[in-house]
Amino acid sequence: HMAPGNLRGTLTPAGYEAVRVDLDDLAAMSGVVVIDARPAADFARAHLPGSISIELRDDFGVWAGWVFPEDSTVALVMNPDQSVEEAVRQLARIGLDQIAGVARWPKEAEAATESFRTVDVDEFAAAVVAGAQVLDARAPNEWDRGIVAGSTLAYVPDVVEETAADLDPDREVWVACASGYRASIAASFLERRGIEPVVLTPGGINGVLKTLANQGLTGWGT
């Protein structure tokens, strides 16, 4: 959608002032996509139900545009020290220029929100050996470099609309990518459908495979 968007000149005007709202305002909005742009670790600790974690960095807009339709109305959740201007600019460049509001995250909100567990590479490797169901959210070309045996392979955009058929929604899903960034996005969509995710962050599948190999458990990687 980028080419026609550029031809229409739909970039948000310079100096755009986002409407400031609070978390209660966001929870009451209907038909609005809530993107939580805080670091993935902050999102894991506490976040609004139904919100999606896409941490603000250089490819923030790319991922937002990949997982949401271009006609989406977006609201943002951000930490006080994050740049609203940067987030809005990246979203506009990908065609997401309908911004309903921006909420700064208050510490006192944490007790009334959802959360999910994050683990390190060693914990993830131990779970693999114990029989955890694993979702590998990396891109297909990354799977050629090695995968955890028995894991479900589903790139992040494929997790947006549906859960892979071979995942049991009544069990925890241990989610990983190469660094934790995409795993957090995928976990957000799983959680929104009532599935409990456990996310490897920071760290990735390659680290898990190396840990398993160092323990002499080479049969867990392919």
Side-chain angles (χ1 to χ4, degrees), residues 1-40 42-44 46-79 82-105 109 113-116 135 137 139 154-164 175 177 180-195 197 199:
H1 303 293
M2 291 180 66
N6 289 333
L7 290 172
R8 290 194 305 269
T10 56
L11 292 183
T12 301
Y16 168 78
E17 292 291 335
V19 177
R20 298 303 176 93
V21 297
D22 61 30
L23 295 181
D24 290 336
D25 293 328
L26 295 186
M29 290 180 181
S30 61
V32 173
V33 170
V34 179
I35 299 176
D36 193 319
R38 296 175 300 143
D42 289 354
F43 181 87
H47 54 268
L48 286 179
S51 59
I52 299 299
S53 171
I54 308 179
E55 183 177 339
L56 180 59
R57 63 180 197 181
D58 290 346
D59 55 355
F60 166 75
V62 174
W63 280 106
W66 205 334
V67 299
F68 295 117
E70 65 165 345
D71 60 351
S72 298
T73 299
V74 174
L76 293 168
V77 177
M78 305 182 72
N79 279 337
Q82 290 182 297
S83 171
V84 172
E85 181 182 1
E86 172 65 17
V88 170
R89 180 170 55 247
Q90 287 200 39
L91 290 175
R93 287 176 174 170
I94 206 70
L96 295 170
D97 56 359
Q98 301 177 59
I99 311 297
V102 179
R104 295 297 192 178
W105 186 265
T113 55
E114 292 185 342
S115 63
F116 55 66
L135 172 64
Y155 193 27
V156 175
D158 298 326
V159 180
V160 172
E161 298 296 334
E162 61 183 7
T163 304
V175 191
C177 59
Y181 186 86
R182 293 169 293 177
S184 186
I185 299 173
S188 304
F189 283 100
L190 293 178
E191 184 185 54
R192 195 156 70 169
R193 293 195 287 269
I195 298 172
V199 180

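- In this structure, Q98 CD and D71 CG are separated by 7.0 Å, a value rounded to the nearest 0.5 Å.
- Nearest heavy atoms, A64 versus I54: CA-CD1, 3.7 Å.
- Taking all atoms of both residues into account, the shortest heavy-atom contact from P69 to L96 is O-CD2, 3.2 Å.
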Stepwise side chain to side chain contact (heavy atoms under 4.5 Å, CB included) test for I52 and V33 = CA-CA 8 Å; I52 299 299; V33 170; 5.5 Å; no
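- Residue A186 comes nearest to V175 through the heavy atom pair CB-CG1, 4.2 Å, listed as atom of the first residue, atom of the second, then distance.
- With sequence neighbours left out, S83 forms a side-chain contact (heavy atoms from CB on, under 4.5 Å) with E85, E86.
- Side chains of V156 and V67 form a contact here, defined as non-hydrogen atoms less than 4.5 Å apart.
- In this structure, I185 CD1 and D36 CG are separated by 11.5 Å, a value rounded to the nearest 0.5 Å.
- Taking CG of L91 as the reference point, atom CZ of F60 lies at 4.5 Å (rounded to 0.5 Å).
- For S184, the side-chain contact (heavy atoms from CB on, under 4.5 Å) partners at least two apart in sequence or on another chain are A40, F43, S53, F116.
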Side chains of residues 157-164: which donor-acceptor pairs under 3.5 Å do they make with residues two or more places apart or in other chains?
| residue | atom | partner | partner atom | Å |
| --- | --- | --- | --- | --- |
| T163 | OG1 | R193 | NE | 2.9 |
| T163 | OG1 | R193 | NH2 | 3.2 |

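- Pairing each heavy atom of V19 with each of A100, the nearest pair is CB-O, 4.0 Å.
- In terms of heavy-atom proximity, A46 sits nearest to T113 at CB-OG1, 3.1 Å.
- Under the side-chain contact (heavy atoms from CB on, under 4.5 Å) criterion, Q82 pairs with R38, P39, L56, M78, N79, R104, sequence neighbours left out.
- By the side chain to side chain donor-acceptor pair (under 3.5 Å) test, D25 pairs with no residue at all, sequence neighbours left out.
- For the pair C177 and A183, the tightest heavy-atom approach, listed with the atom from each and the gap, is SG-N, 3.3 Å.
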ask   = Hey, mind stepping through V21 and L26 against side chain to side chain contact (heavy atoms under 4.5 Å, CB included) and telling me if it holds?
value = CA-CA 7 Å; V21 297; L26 295 186; 3.6 Å; yes
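- Side chain of Q90 to main chain of R57: a donor-acceptor pair is present (N/O by atom type, distance under 3.5 Å, no hydrogens or angles).
- Atom CG in L48 sits 5.0 Å away from atom CG in L23 (nearest 0.5 Å).
- Residues satisfying the salt bridge (charged side-chain N to carboxylate O under 4.0 Å, His left out) criterion with R192, sequence neighbours excluded, are absent altogether.
- Within the model, atoms CZ of F68 and CD1 of I35 stand 5.0 Å from one another, a figure rounded to the nearest 0.5 Å.
- Using a 30° and 60° split on the angle between ring planes, Y155 and W66 fall in the perpendicular class, above 60°.
- Counting non-hydrogen atoms of neighbouring residues, nucleotides and ligands closer than 6.0 angstrom, the CG atom of D58 reaches no more than 12 such neighbours.
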